[in-house]
K.L.:
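Would you mind keeping the following structure in view while I ask a few things?
Not measured: the values here are computed from a predicted model. Order of the sequence lines sets the chain letters (A, B, ...), proteins ahead of strands, with each chain counted from 1.
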Amino acid sequence: MSRDERADGPATSATASGTAYGTPPAFEAVGLTRSYRLDGGVLVDALRGVSLRIGQGEFAAIVGPSGSGKSTLMHLLGCLDRPTSGTLRVNGVDVATLDDAGLAGLRNRTIGFVFQSFHLLARTSALDNVALPLVYRGVSRAERRERARAALEAVGLGHRLTHRPSQMSGGEQQRVAIARALVGDPRVLLADEPTGNLDTRNGEEVMGLLERLNEGGVAVVLVTHDAEVAARGRRQIHVRDGRIERDT
Amino acid sequence: MRTAEALRMAVEALRVNRLRSMLTMLGVIIGVLSVVILVAIGTGAKNAVEKEIAGLGSNIILVVPGQVGLGAAPTQSRLDLSDVAYVRRVVGDPSKVTVAVNSGEPVRVGRVEVFATLTGTDENMPHVFDRPLRRGRYLSETDVDTRRRVVILGSEVAAKLFGDVDPIGRQVTIAGVRFRVIGVYETVGSTFGVARDQEVHLPVTTAQRLIGLPRINGIAVGASGPDEIEPLRRRVVAALDARYPGETFSAVTQTQLLGTIGTVLGMLTGVLAAIAGISLLVGGVGVSNIMLVSVRERTKEIGLRKALGARGRDILGQFLIEAVLLTTIGGVIGILTGVGGALLIQAVSPVPASITWWSIALAFGVSAAVGVFFGVAPARRAARLDPVVALRTD
Ligand SMILES: Nc1ncnc2c1ncn2[C@@H]1O[C@H](COP(=O)(O)OP(=O)(O)OP(=O)(O)O)[C@@H](O)[C@H]1O
Ligand SMILES: [Mg+2]
C-alpha cells in the first residue's frame, strides 16, 4: 500500500527538502504492523502493514472509521509505542535502534502531541503546563517560563498564564495543549482528534492555529472524524481495517 | 531532569495531599521517635553505670575467692589477713593493697539507730580507692594494729545519726560496742546498688573481732597505670593459685566490669532499638502503600509526562524523591520530638537519658533508606508504565 510518491505531492511546501539529500522525511514507514494480545490470548491486528511517507512541513489528515487503527498509527508515529513489525524512520532515525530513553528524547525534541482530551495537569497553571516538556530537556526554570509564555502568546493566550485548566474553556485548554506541543520547537505535530471535544467555533479556532503553525514549517498530522476538518488537510490518508485504503 | 525540579514536584505532590502525607509520615515519625528515645535511655543507663564504676577510683583490681560472673554462687571465703600480706609481697608496693571485710549492723547514737554496711579495711584504702574525706582522718596503721574502736562514717549515716552536729570525736554504738568517730566521707553515691554513703568503715582487725571470724571478703589492688592492670591481675591470680592449689580466685578489673556491663547494656539498647526499628519498618510499609496509591492515581499524569519526553528514570526519580521526602521529613520531625521526649524524660523522671549524635544520624539515615527501600517498588511500577496505556486510563 506504499504511496511514497505522495510526498512529492503539491500540498507540501517542504516537499523539495523532503526528497533532497541530507534532509530526510519526517516519517517514513514500511510495512508497519501492530498486534495486541488480549487477556484470553487472542491476537488483535490493529495495523496490518502500513507504509507511508510524510515529508517535512506537510499537513496530513488521517481519516477512517472507528477502530480502523488511526490512533494506533499515531502512537507509532509519535514513538509512544513500538511496531510489532516493519520499520519506522522519524527524521531519518530508525526507531528500532533507540532504547526507551532514546525514544523519550525523540518525543521530547522532535514531536509535539495534541490529544483529544487535552491531558493538562489539573492543579497546574497554563504556564507550568506548557513548560513541562522543557523540564525533561534540562532547561532552566527561568528560560522555561519565558518560552512557555511566548508559546502561550503565540496561541493567543498571553492573558491566561496563571489560569488552571478548570478555569478555562475547552478551546482555551486545547490551545494550551497546542502551546505545550510547540514550546520545544518540534518538527512535527501529531494531533489525535484535536477538535473532537470542541464545539464548531472552538474547533475552527484550533484548526486555524494548526494551519498557521504548518505555514511556519511544522509538519502536522491529525486524526479526525470530521469530513470538513479532513478536507482542510492538503493530504488525506484513509485508513480502514488497519491498512491505508486511500491516500490523496 | 534536574534533582531540584524533581524535588519541587515532589513537594507539590505532598502538599496537594496534605492530610494523607501527614498520616503517612506519622508512621515514620513514631518509629524514629521511639528509636531516638529508647537509644537515649539505653545510652543514659550505660553512662550512669560506667560513671559509677569509674567513681570507685582508677585502675582497681578486686580479688575475690571463687568464680565471679553473672549468676555465679557466692563462695565461702578462705582468705585471711596472712593472704593480704602475701599479696602485698607479690605486688611489691604494700600501700597499693587493701582489704575488705563486710557485714551489716545497726549503728546507734542515743535513740537514733541506722542500719549500715560495715566495712573493715585498713590504712591503705585511700591509696587504692577514690574516697575523699569531708572531715577528720582516714584509718591509720596503728588503728589497724591495735584494733582501735574507731569508725569513719558515710555521709548519709553521719547525717542520720548526728544531723547538723559535727560527729568527729563522738561515740556510736555497734553491736553493743562503743566506737569513736574519726572521720566522715564525702557523698559519693552508689555503685551497683551499694549505697556507699551508707557505709561505716572501721579497722579490719576490729571488724573481724566484731564478726567473730578471721576471714576477709576480698582484696583490692591498685595498679599504677592502665597498662599495669592486666599483668598485675595475672600475677596476683597466679600467686594465689600457687598458694592454694585446686581453688579458684578471681580478679576483676574495672575494665572487665565496664566491658561486661557495657556489653549487657549495649545489647539491651540494641534490642530496644530493634523493637523501635520494627515500628519504623511498619511506617515504611505505610509509605510503600501510599506511594502505590499515588502511582495509580497519577497513571494518566505519568503517561502524559512520558509522552512529553520523560524517561523511565525521570519518573523513577520523581517518585523515589517523593517517597524519600516523606520519610525524611517524618524522620526529622521524629528526631525533633524524640530529642524533646528524651530531654523531658531526663528532666521529670529518674531514668537517665543521653542523646547521642550517632543515634540521630542513624535515625535520619535509616528513615531516608526506608524511603528508598519502600519507594523503589512503586516508583519502578510508575517508571515502567506504557505511555499509551497510561494515557488511556481514567
Ligand atoms: N491496547 C489495546 N489492546 C487491544 N486492542 C487494542 C488496543 N488498542 C487498540 N486496540 C484495537 O485496535 C484497533 C484499532 O484501535 P484504534 O484505537 O487505533 O482505533 P481508532 O481508529 O483510533 O478508533 P477511534 O476512531 O474510535 O478512535 C481496535 O480494534 C482496537 O480495539
Ligand atoms: Mg482513536
K.L.:
Side chain to side chain contact (heavy atoms under 4.5 Å, CB included) between L304(B) and F115(A): does it pass, once the steps are laid out?
P.N.:
CA-CA 10 Å; L304(B) 174 73; F115(A) 305 94; 3.9 Å; yes
K.L.:
Which heavy-atom pair separates G309(B) from Y136(A) by the least distance, and what is that distance?
P.N.:
O-CB, 3.7 Å
K.L.:
If you check every heavy atom in residues 180-195 of chain A against those of chain B, which residues fall under 4.5 Å?
P.N.:
R180(A)
K.L.:
Could you check whether atom CZ of R82(A) has more than 12 heavy atoms from other residues, nucleotides or ligands sitting under 6.0 Å from it?
P.N.:
yes
K.L.:
For M22(B), look at atom CE and say whether over 12 heavy atoms of other residues, nucleotides or ligands are found less than 6.0 Å away.
P.N.:
no
K.L.:
Using side chain to side chain contact (heavy atoms under 4.5 Å, CB included), reason through R123(A) and R15(B) one step at a time and then give a plain yes or no.
P.N.:
CA-CA 11 Å; R123(A) 292 187 196 82; R15(B) 237 165 43 87; over 6 Å; no
K.L.:
Please name the pair of heavy atoms, one in A104(A) and one in A310(B), separated by the smallest distance, quoted to 0.1 Å.
P.N.:
CB-O, 3.7 Å
K.L.:
Using 0.5 Å steps for rounding, measure from the OG atom of S117(A) to the CG atom of L391(B).
P.N.:
8.0 Å
K.L.:
Judged by atom type as modelled, is there a donor-acceptor pair below 3.5 Å linking the side chain of R107(A) to the main-chain atoms of K306(B)?
P.N.:
yes
K.L.:
Holding to ring pair (Phe, Tyr, Trp, His ring centres under 6.0 Å), I want the full list of residues that pass it with F373(B), two or more places apart in sequence or in another chain.
P.N.:
none
K.L.:
L132(A), I111(A), D100(A): which one forms the most heavy-atom pairs within less than 4.5 Å of chain B?
P.N.:
L132(A)
K.L.:
Step through the shown structure and confirm whether more than 12 heavy atoms of other residues, nucleotides or ligands are within 6.0 Å of CZ on R380(B).
P.N.:
no
K.L.:
Can you tell me how far CG of D128(A) sits from CZ of R8(B), rounded to the nearest 0.5 angstrom?
P.N.:
6.0 Å
K.L.:
Go through T124(A), L121(A), D81(A), L120(A) and name the one with the most non-hydrogen pairs under 4.5 angstrom from chain B.
P.N.:
L121(A)
K.L.:
Given heavy-atom pairs under 4.5 angstrom as the criterion, report whether the side chain, backbone, both or neither of V389(B) touches chain A.
P.N.:
neither
K.L.:
Hey, is CZ on R48(A) packed in by over 12 heavy atoms from elsewhere, all under 6.0 Å?
P.N.:
yes
K.L.:
Is H75(A) close to chain B through its backbone or its side chain, or both, or neither, when contacts mean heavy atoms under 4.5 Å?
P.N.:
side chain
